[in-house]
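Here is the naming used below: chain letters follow the sequence lines, and residue numbers restart at 1 for every chain. Both backbone and side-chain heavy atoms feed into the values below; hydrogens, waters and symmetry mates do not.
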Amino acid sequence: MRLSQLFTKTSKTIPAGETARNAQLLIQAGFIHKEMAGVYSYLPLGKRVLDNIADIVRKEIGGIGAVEVQLSVLQPKEIWEKTGRWNDEVVDNWFKTQLKNGTEVGMSLTNEEPLANTLSDFVNSYKDLPTYIYQIQNKFRNELRAKSGLMRGREFLMKDLYSFCRTQAEHDTFYERAADAYMKIYAQLGIGDITYRTYASGGIFSKFSDEFQTLSHVGEDTVYIHEGRRLGVNREVFTDGVLAELNLNRDELVEKRAVEVGNIFSLGTKYADALDVYFTDEEGRKQSIVMGCYGLGISRLMGLLAEHFADERGLVWPEAVAPAKVYLARLGNGPDTVKQADELYNRLTDAGVLVLYDDRDMRAGEKFADADLIGIPYRVVISDKTVAAGVYELKERRQSEPRQLGSDELVKALGIPG
RNA sequence: CGGGGAGUGGCGCAGUCCGGUAGCGCACCGCGUUUGGGACGCGGGGGUCGCAGGUUCAAAUCCUGUCUCCCCGACCA
């Protein structure tokens, strides 16, 4: 992507009306635009980060046998009435609206009911199960108070996975595989070492649910971490009884603030039963389906990563999610300089490397400041000086001093084949 | 929803207490000089001061209502 063709700009000033560091940085660097409290649009750079996170999620969730769908955002109230969740006193953060004829509809905040209902068209036999279905979809929750930038929005991007199993044992096996996949995802995002599987309240279906909590000073949750066992206990279930049950000693736990980056639940048979979705077993008997649901906030993760991977000059994206791998800054307009910069841009692009090519007619300081703010992992400078000296200049975002490299060394340093 | 703070060119702010018809920095446009860490000079364009009422000869400024944003708390399938 050539920056001369990118409509967004960075700003020298931190936006007023945002105190959350993630929102300040992402707005200042032009990744997102605030539409209203808790609602953000994703601009070209932000969209890339979001897609990169989503792709990592797709790979891991697909890897445990789930298939992707795209469910509707508008949902009929009848389905939700079957499980009692249309009632505002049961679920108080619905966005509801009406069709022209007065029919009420809700906007997707989760999808157990519509997906189970959809499945009833296809699942009849034990041979049809188990099945695992997920999607990456915007969710709408009418939060009383949105806050902390991308961390708690009213519209946000979430991966939601649902499992449909024949027995509790079959469910339990998949549940653990899902938990493992979650930890793989966090590891690839660079937060594996500060993310803990955490016991949390399970609702009415099971004693506990499992949250995935990433330690952060901006976290909304208080958790108690056992480093040796790599697990946490959410304050909401932090009682002597629970500790005894989990064989945990208060003295070994450390209180921390954390961000909930995932939450997985065992749902039992309640939803499928309520929606009249059953299967016939080997003996010809009607059986209930055991469900599980598995949420993971994509946009919240983007906010968390922005918050966590940043310094005083701006964002410092992990390579796995960065909007580009290389920031190519061209300094000067000498014909040889332009030619060499264009050539490197094309070569990297052809090799499948995403490059932000700063081909704008601006001063070096501005380009360097933008490169730092946007937080691309590698910065390559091509200037009249480097061309004359026959070298390329490479600097990693995390480092302060650049290196002078020859063409082959540069390609090697960037990990490009050939 | 309770408490606190804030809405003034695209962005960040001053002006409000003490009413007199809006200013600064950045950004933007033109010319010139610059050119490796956010350059400089000169000249420009752009704002019914969130909105609606009210008081007054006169309102960004005073009064009332209302909307929005931020923070703390509560809440959070």
Q. Which letter, B, S or -, goes with each nucleotide of nucleotides 22-30 of chain B from 5' to 3', with contact meaning a protein heavy atom under 4.0 Å?
A. ----SSS--

Q) Can you give one letter per nucleotide of nucleotides 69-75 of chain B, 5' to 3': B if a protein heavy atom sits under 4.0 Å from the base, S if only from the sugar-phosphate, - if neither? A) SSBBBB-

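Spacing between rG43(B) and rG5(B) at atom P, rounded to whole Å, works out to 43 Å. On the P atoms, rU8(B) is 14 Å away from rC70(B), given to the nearest whole Å. The same atom, P, is picked in rG7(B) and in rC63(B); the two are 15 Å apart, to the nearest Å. Taking atom C1' on both rG25(B) and rA39(B), the two are 16 Å apart, rounded to the nearest angstrom. With both ends at atom C1', the span from rG19(B) to rA27(B) equals 33 Å, rounded to whole Å.
Remark: Glu343(A) pairs with Lys339(A) by the salt bridge (charged side-chain N to carboxylate O under 4.0 Å, His left out) rule, at least two apart or across chains. Shown here are the salt bridge (charged side-chain N to carboxylate O under 4.0 Å, His left out) partners of Glu112(A), two or more places apart in sequence or in another chain: Arg85(A). Residues meeting the salt bridge (charged side-chain N to carboxylate O under 4.0 Å, His left out) test with Arg154(A), sequence neighbours left out: none. In this view, Glu236(A) satisfies the salt bridge (charged side-chain N to carboxylate O under 4.0 Å, His left out) rule with no residue, not counting sequence neighbours.
Here the nucleotide nearest the side chain of Tyr271(A), chosen from rC11(B), rA77(B), rG37(B), is rA77(B).
Remark: Cys293(A) in residues 291-308 of chain A come within less than 4.0 Å of RNA chain B through at least one heavy atom. Near-neighbour residues of RNA chain B inside residues 170-183 of chain A, defined by a heavy atom below 4.0 Å, are absent.
In the displayed structure, Asp408(A) atom CG is contacted under 6.0 Å by at most 12 heavy atoms of other residues, nucleotides or ligands.
The shortest distance between the side-chain N/O atoms of Arg363(A) and the OP1/OP2 oxygens of rG38(B) is not below 4.0 Å.
Using modelled atom types, no side-chain atom of Asp92(A) and backbone atom of Asp88(A) make a donor-acceptor pair closer than 3.5 Å.
Where Lys367(A) and Glu112(A) each meet RNA chain B at their nearest nucleotide, the meeting point lying more 5' is that of Lys367(A).
The list of salt bridge (Lys or Arg N to Asp or Glu O under 4.0 Å) pairs with a residue in residues 39-48 of chain A, not counting sequence neighbours, reads Lys47(A)-Asp51(A). Sorted by first and then second residue, the salt bridge (Lys or Arg N to Asp or Glu O under 4.0 Å) pairs with a member in residues 171-189 of chain A read Glu176(A)-Arg197(A); sequence neighbours excluded. For residues 363-408 of chain A, no residue pair satisfies the ring pair (Phe, Tyr, Trp, His ring centres under 6.0 Å) rule, not counting sequence neighbours.
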Dump the pairs, protein N or O against N or O of nucleotides 40-46 of chain B, anything under 3.5 Å, distances to one decimal.
none

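The two residues Lys325(A) and Pro377(A) have their closest heavy-atom pair at O-CD, 3.7 Å.
Looking at heavy-atom distances under 4.0 Å, Val381(A) makes contact with a base.
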